[in-house]
Amino acid sequence: QVSATLNLLTWLGARTRWLRLGTAVLVLPWHNPVLLAEQAAPLTRPNVEFIPCDLLAPEMVKRLPGRASAVIHLAADRRSRVGPSEFSHQARSNMTMTSLVADYAALAHAQAVLYASSSAVYSGVSRLPFREDDLQLPAEHLGATKLAAEAMLKARATAGQFKVVALRLFTTYGPRSGPDQFVPDAMAKLLSPEPVAFFLNPDVERDFIFVEDVGLAFLKGLEYLPRAGAYEVFNIGSGKATPVRMVIELLKRVLGSTKPVRYETASTTVVDVRHQADIRRAAELLGWQPSVNLDEGLRRTVEAFQPVVP
């Protein structure tokens with residue numbers, strides 16, 4: 001999603017002087033152009049160039065830099081619950097677009113592609129915590145498209161076009177998250193004038209990781225490139241499975257909300273009830289570990305969002 005992409009790029013640009021960042025964004029039909037402009041506004045730094053274009057258009061390479069040392073590929077349709085009528089659209093956004101970005105990386109003589117993959121590739125895996133080599137064919141469409149994109153990039157890396165470092169991001173949250181993401185959506189419900197806040201299955205557990213820790217993982221991935229093999233993959237999460245119910249209670253406490261909460265468990269169908277990342281490989285090879293715990297991350301998220309949440 002655009003907001004998450006711009007959020008991460010802004011963080012990276014603010015913390016690096018040696019890195020020239022450019023981003024090309026696929027503007028999906030449901031994005032408000034005014035909101036997109038507001039989200040792009042923080043990208044006003046000397047080492048950041050914002051190039052709006054459609055990554056599904058093959059001619060997009062004409063608008064991008066002729067050479068790049070590395071390509072960070074964040075763009076995707078990351079919706080976890082899409083209906084069959086949208087399967088093809090999500091496949092094009094996650095698979096065809098990744099292939100076109102890889103074409104660009106090869107033309108630009110990039111040494112590597114850093115790919116933002118997803119914990120959804122573990123859809124259907126029951127053994128916890130999820131390890132990078134513990135996969136099966138995903139049970140959900142998002143996971144199927146993201147794993148297919150990983151496979152395409154691995155084939156490119158094996159062919160010698162460039163190195164690939166894939167970061168499987170777990171449930172990312174933080175300031176400037178999109179309104180459709182769980183934490184800002186929950187905040188909006190708790191702060192709305194409605195007398196009761198309704199949520200789905202409270203026993204679903206997710207591995208929540210703060211956006212700054214994700215940004216640091218990408219920097220560590222760039223630093224790791226000289227030592228990396230042709231294709232490497234890392235889990236990026238907190239290493240902890242947290243029930244949705246607990247996150248909502250923490251948010252209520254931070255917000256000072258006393259609003260009643262009701263859960264609609266009967267109408268909920270969830271393939272994977274628990275997500276938990278095994279992050280030992282990232283710690284060992286990237287030298288990366290999360291530093292922001294959930295309490296602090298939610299507090300900082302609320303401080304950033306509260307003025308604009310209805």
Side-chain angles (χ1 to χ4, degrees), residues 1-16 21 23 25 31 35-36 38-43 45 48 72-76 78-80 114 116-120 167-191 199 204-222 234-244 246-255 257 275-277 279 282 286 288-310:
Q1 296 284 352
V2 173
S3 58
T5 301
L6 295 179
N7 184 18
L8 184 54
L9 282 168
T10 303
W11 190 93
L12 288 169
R15 285 155 178 80
T16 56
L21 293 174
T23 175
V25 175
H31 282 122
L35 180 60
L36 175 62
E38 292 175 351
Q39 292 168 341
L43 290 172
R45 302 183 183 277
V48 175
I72 304 175
H73 178 27
L74 304 171
R78 56 166 176 73
R79 294 175 298 160
S80 58
L114 270 72
S117 189
S118 168
S119 60
L167 303 183
R168 292 176 181 160
L169 309 182
F170 281 68
T171 305
T172 305
Y173 72 100
R176 295 180 58 81
S177 299
D180 62 315
Q181 293 179 279
F182 173 74
V183 170
D185 178 64
M187 289 167 52
K189 290 179 179 179
L190 292 171
L191 292 172
F199 295 94
V204 168
E205 297 182 9
R206 291 293 179 257
D207 189 324
F208 291 87
I209 181 71
F210 194 62
V211 64
E212 288 190 6
D213 284 325
V214 173
L216 180 60
F218 275 95
L219 291 181
K220 291 290 188 180
L222 288 171
F234 300 93
N235 288 334
I236 303 300
S238 68
K240 300 176 181 178
T242 303
V244 165
M246 180 181 295
V247 177
I248 293 171
E249 290 303 316
L250 287 172
L251 276 175
K252 288 184 65 177
R253 187 177 69 195
V254 175
L255 291 167
S257 171
H275 280 190
Q276 182 184 7
I279 57 176
L286 299 184
W288 173 89
Q289 287 187 331
S291 61
V292 180
N293 63 38
L294 187 58
D295 290 81
E296 179 187 352
L298 291 177
R299 177 184 58 78
R300 291 168 61 179
T301 303
V302 167
E303 289 175 352
F305 272 94
Q306 199 163 7
V308 295
V309 173

Determine whether [X] and [Y] make a side-chain contact, defined as any pair of heavy atoms from C-beta on separated by less than 4.5 Å.
| X | Y | result |
| --- | --- | --- |
| S117 | R168 | yes |
| L216 | S291 | no |
| V244 | F199 | no |
| L169 | I209 | no |
| F182 | I248 | yes |
| V247 | Y173 | no |

Exercise: identify the closest heavy-atom pair between [X] and [Y]:
| X | Y | answer |
| --- | --- | --- |
| H275 | A241 | O-CB, 3.4 Å |
| V211 | P175 | CG1-CD, 4.3 Å |
| M187 | L251 | CG-CD2, 3.8 Å |
| L114 | G221 | CD2-C, 4.0 Å |
| W288 | N235 | CZ3-O, 4.4 Å |
| I236 | A217 | CD1-CB, 3.7 Å |

Exam field: side chain T172 to backbone F170, donor-acceptor pair closer than 3.5 Å: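 Yes; judged by distance alone, with no hydrogens or angles, the pair exists.
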query: So, Q276 side chain and G239 main chain: donor-acceptor pair closer than 3.5 Å or not?
result: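 At least one qualifying donor-acceptor pair exists.
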message: Going by the rule side-chain contact (heavy atoms from CB on, under 4.5 Å), which residues pair with T171 if we only count those two or more places apart in sequence or in a different chain?
response: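 Expected list: R206, F208.
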task: Flag yes if more than 12 heavy atoms outside K240 fall under 6.0 Å of its NZ atom; otherwise flag no.
output: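 No.
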Side chain to side chain contact (heavy atoms under 4.5 Å, CB included) between F210 and R300, worked out: CA-CA 10 Å; F210 194 62; R300 291 168 61 179; 3.7 Å; yes
message: Using the rule given for side chain to side chain contact (heavy atoms under 4.5 Å, CB included), can you reason through L167 versus V214, listing the C-alpha separation, both sets of side-chain angles and the distance that settles it, and then say yes or no?
response: CA-CA 9 Å; L167 303 183; V214 173; over 6 Å; no
message: The test is salt bridge (charged side-chain N to carboxylate O under 4.0 Å, His left out); show your working for R253 and D295 and say whether it passes.
response: CA-CA 10 Å; R253 187 177 69 195; D295 290 81; 2.9 Å; yes
message: Please evaluate residues V302 and L255 with respect to the criterion side chain to side chain contact (heavy atoms under 4.5 Å, CB included), reporting the C-alpha separation (whole Å), side-chain torsions for both, the decisive distance (0.1 Å), and the verdict.
response: CA-CA 7 Å; V302 167; L255 291 167; 3.6 Å; yes
